[in-house]
Amino acid sequence: MLQITEVDNNYKQSFQIQTEDNKNFNFELEFIENQTSWFYSLKYNDVSINKKRITTHPNFLRQFQNLLPFGMSCMTEDGSEAFAIDDFSKQRAKLYVLTQDEVNNLESAIYG
């Protein structure tokens, strides 16, 4: 698992991420205050995912597992959602990029 540690307190942020499997993708974060939530957009090759809420989940990209060779996880100290603009910068919430093997292992462990 590769932790994304560059997230700060800006409402909109953009990252070029390289996975441990040497896959590159564009990842954008946006904090929407009236929703008290973080949202992401992602572009990998021909796959575009726009304005989805980040949820606390071992692989919040699970619904796209047949389209993406990686996953992403959001974990919080207390198991709740990331709801504050400083949740990632203060490390209350953490974002991780998962390799295909890690996604497969999660699928086996959680869903059988």
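Note: hydrogens, waters and symmetry copies are ignored here, and every other heavy atom, side chains too, is used.
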To the nearest 0.5 Å, what is the distance between [atom1] ([X]) and [atom2] ([Y])?
X: Ile85; Y: Thr36; atom1: CD1; atom2: OG1; result: 12.0 Å
X: Glu28; Y: Ile49; atom1: CD; atom2: CD1; result: 12.0 Å
X: Phe25; Y: Gln18; atom1: CZ; atom2: CD; result: 10.5 Å
X: Thr19; Y: Leu2; atom1: OG1; atom2: CG; result: 8.0 Å
X: Lys94; Y: Glu77; atom1: NZ; atom2: CD; result: 7.0 Å

Considering residues at least two apart in sequence or located in another chain, which fulfil the side-chain contact (heavy atoms from CB on, under 4.5 Å) criterion with [X]?
X: Asn105; answer: none
X: Gln63; answer: none
X: Glu102; answer: Met1, Glu20, Leu98, Thr99

query = Would you say Thr76 and Phe88 make side-chain contact, with heavy atoms under 4.5 Å?
reply = no
message = Would you say that Arg62 contacts Phe60 through its side chain, given a criterion of any heavy-atom pair below 4.5 Å between the two side chains?
response = no
task = Taking Asp8 for its side chain and Asn10 for its backbone only, find out whether a donor-acceptor pair lies under 3.5 Å.
result = yes
ask   = Checking Glu81 side chain against Thr56 main chain: does a donor-acceptor pair fall under 3.5 Å?
value = yes
ask   = In the hydrophobic clustering that connects Ile, Leu, Val, Met, Phe, Trp and Tyr at side-chain heavy-atom distances below 4.5 Å, which members other than Ile32 occupy its cluster, ordered by chain and number?
value = Phe39
Under 3.5 Å donor-acceptor pairs involving side-chain atoms of residues 64-74, not counting sequence neighbours:
from  : atom 1 : to    : atom 2 : distance (Å)
Ser73 : OG     : His57 : O      : 3.3
Ser73 : OG     : Pro58 : O      : 3.3

task = Report yes or no: do Ile54 and Phe15 belong to one cluster of Ile/Leu/Val/Met/Phe/Trp/Tyr joined by side chain heavy-atom distances under 4.5 Å?
result = yes
ask   = When clusters are formed by joining ILVMFWY residues with side-chain heavy atoms under 4.5 Å apart, either directly or through shared neighbours, do Tyr96 and Ile17 land in the same one?
value = no
ask   = Do any pairs count as a side chain to side chain donor-acceptor pair (under 3.5 Å) and have a residue in residues 37-47, sequence neighbours left out, and if so which ones?
value = Ser37-Arg53
key: Pair Gln3-Gln91, side-chain donor/acceptor within less than 3.5 Å   = yes
message = So which atom in Phe27 and which in Leu95 form the shortest heavy-atom distance, rounded to 0.1 Å?
response = CE2-CD1, 4.1 Å
key: Check ion pair Arg92-Asp86 (N to O, under 4.0 angstrom)   = no
Gln16 CD: over 12 foreign heavy atoms closer than 6.0 Å = yes
inquiry  = Please determine whether side-chain hydrogen bond (donor to acceptor under 3.5 Å, both in side chains) holds for the pair Asn9 and Ser89, giving the CA-CA distance in whole Å, both sets of side-chain angles, and the decisive distance to 0.1 Å.
reply    = CA-CA 6 Å; Asn9 293 348; Ser89 63; 2.5 Å; yes
